[in-house]
Amino acid sequence: MTQRTSGDAKWYFAEVPVVGGATYTFSDRYKSTVPTHVTVQYRHTNGTNTWIDIGTPPTTSTWVTFEKTFTAPASATHLTVFHLINAVGVLRTDAYALRQQQTSNTFSEGFVTLHFDDGWKTAYENALPIMEEAGVKSTQYIITGRYTFPAYVDEEQVLDMYQKGHEIGAHTRTHRDLTTLTAAEKQSEIAGSRQDLLSLGITPSNTFAYPFGAYDQTTTPIVQQAGYIGARTSDGGFNLKTDNKFLLKRQPVGSGASVVQVKAWVEQARAQKVW
């Protein structure tokens with residue numbers, strides 16, 4: 001891509017039939033001068049298409065393998081996978097493969113958890129009372145360097161959520177893209193934010209969320225070494241029992257997500273015993 005105002009550049013294969021609810025592993029080889037994105041396009045029984053991002057492979061000057069396992073929606077009949085760039089640069093791809101998983105790697109039952117990123121005060125003031133009334137607990141991923149920012153929760157409010165039974169996870173100190181930082185900066189953001197929560201009295205502080213969903217081969221080892229037991233990306237999809245617990249996926253519930261869609265995700269998790 002030599003110039004861009006919108007859109008993307010990609011190579012992809014013709015749609016292939018899939019089994020709704022089945023688990024698949026996609027892989028390819030690539031090298032790129034800019035960060036890339038991998039998106040699954042599903043065609044459903046009613047003829048409509050939906051898209052979900054399953055990975056954000058970083059820049060690499062050498063050929064590397066991208067691989068991700070995901071579960072197709074129950075209504076999916078066909079899919080293809082886009083490996084794309086949406087910035088000026090070069091992406092080279094090769095060796096596309098899509099394999100259906102035959103062995104069982106599901107849980108004994110389905111799981112649904114709610115995560116809120118950043119520590120916005122609106123989540124504390126608006127969402128927390130609704131969850132408390134419904135008896136639902138959440139994970140709140142907190143940017144520990146923003147306690148004094150008016151739009152974010154302060155230390156007292158973080159402790160209030162913790163004392164009400166909500167999990168408090170770390171989301172770095174300043175919400176910087178970890179893939180752009182030095183090793184020392186990554187250490188400060190990842191391990192430092194956990195230490196900030198522990199010093200506040202949040203024990204344990206066991207899980208981490210990557211700012212902007214951005215991670216690479218150098219960030220996940222630091223997350224592990226910092227003492228976390230799991231970390232969540234912004235990659236879309238369901239989690240299986242055998243998935244990498246430091247690269248957990250999620251379903252994006254933003255302003256464009258309908259109640260019907262969210263209910264469908266919950267029912268699929270229940271029916272297929274995924275998270």
Side-chain angles (χ1 to χ4, degrees), residues 23 25 38 52-58 66-71 101 104-119 123 131 136-144 158 161-162 164-173 175-179 181 186-253 265-266 268-270 272-275:
T23 299
T25 296
V38 179
I52 188 162
D53 294 333
I54 61 169
T56 52
F66 170 83
E67 182 174 283
K68 187 71 69 167
T69 299
F70 58 90
T71 302
Q101 300 297 310
S104 175
N105 53 4
T106 58
F107 298 96
S108 59
E109 60 181 327
F111 296 96
V112 176
T113 53
L114 299 179
H115 300 169
F116 291 79
D117 284 1
D118 300 344
M131 290 187 289
V136 173
K137 302 304 177 183
S138 65
T139 299
Q140 302 286 333
Y141 285 114
I142 303 299
I143 304 170
T144 60
V158 172
M161 291 189 288
Y162 170 68
K164 285 183 166 70
H166 298 267
E167 180 190 12
I168 306 299
H171 198 38
T172 72
R173 284 174 159 164
H175 204 265
R176 299 168 70 190
D177 182 338
L178 295 172
T179 65
L181 305 184
K186 290 176 184 177
Q187 184 71 25
S188 174
E189 292 285 348
I190 294 169
S193 58
R194 181 172 188 262
Q195 188 56 54
D196 291 344
L197 292 174
L198 293 173
S199 297
L200 187 61
I202 307 298
T203 54
S205 180
N206 279 340
T207 61
F208 179 82
Y210 301 95
F212 310 106
Y215 61 90
D216 58 25
Q217 64 270 24
T218 67
T219 54
T220 48
I222 297 174
V223 173
Q224 292 177 263
Q225 294 160 10
Y228 297 102
I229 63 172
R232 203 215 68 222
T233 71
S234 292
D235 298 343
F238 296 87
N239 294 292
L240 303 166
K241 185 167 60 177
T242 53
D243 282 349
N244 185 336
K245 62 185 180 180
F246 292 96
L247 295 175
L248 296 172
K249 299 182 284 290
R250 60 88 171 108
Q251 297 291 355
V253 184
W265 287 329
V266 173
Q268 183 170 347
R270 187 205 310 272
Q272 297 171 2
K273 299 181 180 180
V274 294
W275 175 15

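All residue numbers refer to positions in the sequence shown, counting from 1. Every heavy atom of this structure was used, including side-chain atoms; hydrogens, water molecules and symmetry mates were not.
- Heavy atoms only, all atoms of each residue included: Y162 and G201 are closest at CE2-O, 3.5 Å.
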TODO: Assess whether side chain to side chain donor-acceptor pair (under 3.5 Å) is satisfied between Q195 and S199, documenting all intermediate values.
DONE: CA-CA 6 Å; Q195 188 56 54; S199 297; 3.3 Å; yes

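- K249 places a side-chain N or O within 3.5 Å of a backbone atom of T69 that can act as its donor or acceptor partner.
- Residues satisfying the side chain to side chain contact (heavy atoms under 4.5 Å, CB included) criterion with Q187, sequence neighbours excluded, are A191, I222.
- Between the side chains of T25 and E67, no donor-acceptor pair is found at a separation under 3.5 Å.
- Side-chain atoms of L248 and W275, non-hydrogen and from C-beta on, do get closer than 4.5 Å to each other.
- For the side chain to side chain contact (heavy atoms under 4.5 Å, CB included) criterion with I142, the lone passing option out of I202, T172, I168, L200 is I168.
- Listed by first and then second residue, the salt bridge (charged side-chain N to carboxylate O under 4.0 Å, His left out) pairs involving residues 219-232 are D117-R232 (not counting sequence neighbours).
- Looking at residues two or more places apart in sequence or on another chain, you find a side chain to side chain contact (heavy atoms under 4.5 Å, CB included) between R173 and T144, S188, E189, S193, D196.
- Within a 6.0 Å sphere centred on NZ of K137, heavy atoms belonging to other residues, nucleotides or ligands number more than 12.
- In terms of the salt bridge (Lys or Arg N to Asp or Glu O under 4.0 Å) criterion, D53 has no residue partners (sequence neighbours excluded).
- Taking all atoms of both residues into account, the shortest heavy-atom contact from P57 to F66 is CG-CD1, 3.4 Å.
- The side-chain hydrogen bond (donor to acceptor under 3.5 Å, both in side chains) check on D216 picks up T218, with sequence neighbours excluded.
- Take Q268 and apply the side chain to side chain contact (heavy atoms under 4.5 Å, CB included) test, not counting sequence neighbours, and it matches T71, P73, F238, Q272.
- The only option from L178, L247, D177 that meets the side chain to side chain contact (heavy atoms under 4.5 Å, CB included) definition with Y215 turns out to be L247.
- Side-chain atoms of T179 and Y210, non-hydrogen and from C-beta on, never get closer than 4.5 Å to each other.
- Looking only at side-chain heavy atoms (C-beta outward), F70 and I52 stay at 4.5 Å or farther from each other.
- Contacts of S108 classified as side-chain hydrogen bond (donor to acceptor under 3.5 Å, both in side chains), with partners at least two apart in sequence or in another chain: none.
- With rounding to the nearest 0.5 angstrom, the CD atom of Q101 is 7.5 Å from the OG1 atom of T242.
- In terms of the side-chain hydrogen bond (donor to acceptor under 3.5 Å, both in side chains) criterion, K241 has no residue partners (sequence neighbours excluded).
- Under the salt bridge (Lys or Arg N to Asp or Glu O under 4.0 Å) criterion, R194 pairs with no residue, sequence neighbours left out.
- Closest heavy-atom contact between V223 and A231: CG1-CB, 3.9 Å.
- With rounding to the nearest 0.5 angstrom, the NE2 atom of H115 is 10.0 Å from the CD atom of Q140.
- Shown here for L197 and S205, the closest heavy-atom pair between the two residues is CD1-OG, 3.3 Å.
- For the pair Y141 (side chain) and T207 (backbone), a donor-acceptor distance under 3.5 Å is absent.
- Residues passing the side-chain hydrogen bond (donor to acceptor under 3.5 Å, both in side chains) test with H175 are D118, H171, sequence neighbours excluded.
- Applying the ring-ring contact (aromatic ring centres under 6.0 Å, His included) rule to Y228 yields the partners F208; only residues at least two apart in sequence or on another chain are considered.
- With sequence neighbours excluded, the residues satisfying side chain to side chain contact (heavy atoms under 4.5 Å, CB included) with L114 are F116, M131, V136, S138.
- Taken from OG1 in T139 to CE in M161, the straight-line distance is 11.0 Å, to the nearest 0.5 Å.
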